[in-house]
Number of protein chains: 2
Amino acid sequence: MQEPTFLILTALVAGPQHGYGVISDVEQISAGRVRLRAGTLYAAFDRLQEEGLIVEDREEIVDGRVRRYYKLTDDGATRLAAEAERMRRHARAASARLRAAGLGGMA
Amino acid sequence: MQEPTFLILTALVAGPQHGYGVISDVEQISAGRVRLRAGTLYAAFDRLQEEGLIVEDREEIVDGRVRRYYKLTDDGATRLAAEAERMRRHARAASARLRAAGLGGMA
DNA sequence: TCATCATATATCGATGATCTTTATATGGGT
DNA sequence: ACCCATATAAAGATCATCGATATATGATGA
């Protein structure tokens with residue numbers, strides 16, 4: 001699972017959100033470092049729904065525009081937890097080795 | 001940076017290694033979970049050398065077969081440290097939210 | 001008022017990067 | 001005769017990026 005996908009799932013843990021809500025949330029989560037493109041997001045929505053990790057929650061009409069909300073499924077939460085664990089393990093392995101080698105820009 | 005690339009760099013922190021050495025090392029680092037394909041590896045070697053994150057170290061001939069060793073550059077180590085930090089941050093954000101929501105398969 | 005511009009929202013298609021799959025080549029060990 | 005270690009290459013898949021389009025409302029300004 002790549003970074004944008006991971007962050008989209010993370011955003012949805014906090015409750016159902018629509019496209020643009022996810023975009024701003026991800027920007028916050030990543031401290032402004034990850035700015036999702038609309039194309040990336042909506043393609044990911046389709047794919048994740050296909051995989052059963054998210055589902056459409058509801059639609060609202062606000063100022064004449066549709067807002068489509070998606071929410072995380074149980075499978076989605078389980079999957080996200082597994083991915084987080086995997087990332088933590090890999091990050092730990094890398095840092096341990098960098099420390100052992102006295103390298104690694106921890107200036 | 002995707003997972004295979006990250007793990008290849010991690011493997012090289014421990015010192016210069018050749019293709020098949022990296023494959024076994026990555027298998028160890030990831031506790032058997034990530035098994036690099038030859039195609040993935042050699043393509044990544046080319047790309048990472050292009051980017052200046054690794055360099056060719058030396059060649060050996062063992063039993064008539066070439067072994068080409070690569071090693072991490074300083075840029076490579078810095079980059080790996082940054083990626084590890086980024087992953088840790090994202091993993092932490094996801095876990096915090098999952099915990100707050102009482103979800104997340106931490107059975 | 002009317003035209004224009006910006007904003008929020010969603011959609012689509014082309015392109016690009018990275019990984020997977022599969023096949024090929026070679027020399028030594030069993 | 002076959003398997004293993006090692007490297008290379010090409011086709012295909014997946015996912016992300018980039019850039020464009022569409023629509024309705026709100027804001028700006030002549």
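A note on names: the letters A, B, ... follow the listed sequences, proteins ahead of strands, and every chain is numbered from 1.
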Grab the [atom1]-[atom2] distance between [X] and [N] for me, whole Å please.
{"X": "Arg47(B)", "N": "dA17(C)", "atom1": "CZ", "atom2": "P", "answer": "10 Å"}
{"X": "Glu50(A)", "N": "dT14(D)", "atom1": "CD", "atom2": "C1'", "answer": "14 Å"}
{"X": "Phe45(B)", "N": "dA7(D)", "atom1": "CZ", "atom2": "P", "answer": "8 Å"}
{"X": "Tyr42(B)", "N": "dA23(C)", "atom1": "OH", "atom2": "P", "answer": "19 Å"}
{"X": "Leu41(B)", "N": "dA10(D)", "atom1": "CG", "atom2": "C1'", "answer": "17 Å"}
{"X": "Gln49(B)", "N": "dA7(D)", "atom1": "CD", "atom2": "P", "answer": "14 Å"}
{"X": "Arg67(A)", "N": "dA10(C)", "atom1": "CZ", "atom2": "P", "answer": "8 Å"}
{"X": "Arg65(A)", "N": "dT23(D)", "atom1": "CZ", "atom2": "P", "answer": "14 Å"}

For Gly39(B) and for Gly21(B), find the nucleotide of DNA chain D with the closest heavy atom, then tell me which residue's nucleotide is more 5'.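 Closest to the 5' end, via its nearest nucleotide, is Gly21(B).
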
Go nucleotide by nucleotide along DNA chain D from the 5' end; which of Gly64(A) and Ala43(A) gets its closest nucleotide reached first? Ala43(A)

Pair Asp57(A) + Arg67(A): basic N to acidic O under 4.0 Å: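 Not counted as a salt bridge, because no side-chain N and carboxylate O are separated by less than 4.0 Å.
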
Electrostatic pair Arg58(B):Glu60(B) at N-O distance under 4.0 angstrom: yes

Would one find a side-chain N or O of [X] under 4.0 angstrom from OP1 or OP2 of [N]?
{"X": "Thr40(B)", "N": "dT18(C)", "answer": "no"}
{"X": "Thr5(A)", "N": "dC15(D)", "answer": "no"}
{"X": "Arg68(B)", "N": "dT8(D)", "answer": "yes"}
{"X": "His18(A)", "N": "dA10(C)", "answer": "no"}

dT17(D), dG26(D), dT21(C): which one has an atom nearest the side-chain heavy atoms of Asp63(A)?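 So the nucleotide nearest the side chain must be dG26(D).
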
Under 3.5 Å: donor-acceptor pair, side chain of Thr78(A), backbone of Asp74(A): yes

Heavy atoms from other residues, nucleotides or ligands near CD of Gln28(A) exceed 12 (cutoff 6.0 Å):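 No, not enclosed.
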
Do Ile61(A) and Arg65(A) touch side chain to side chain, with heavy atoms closer than 4.5 Å? no

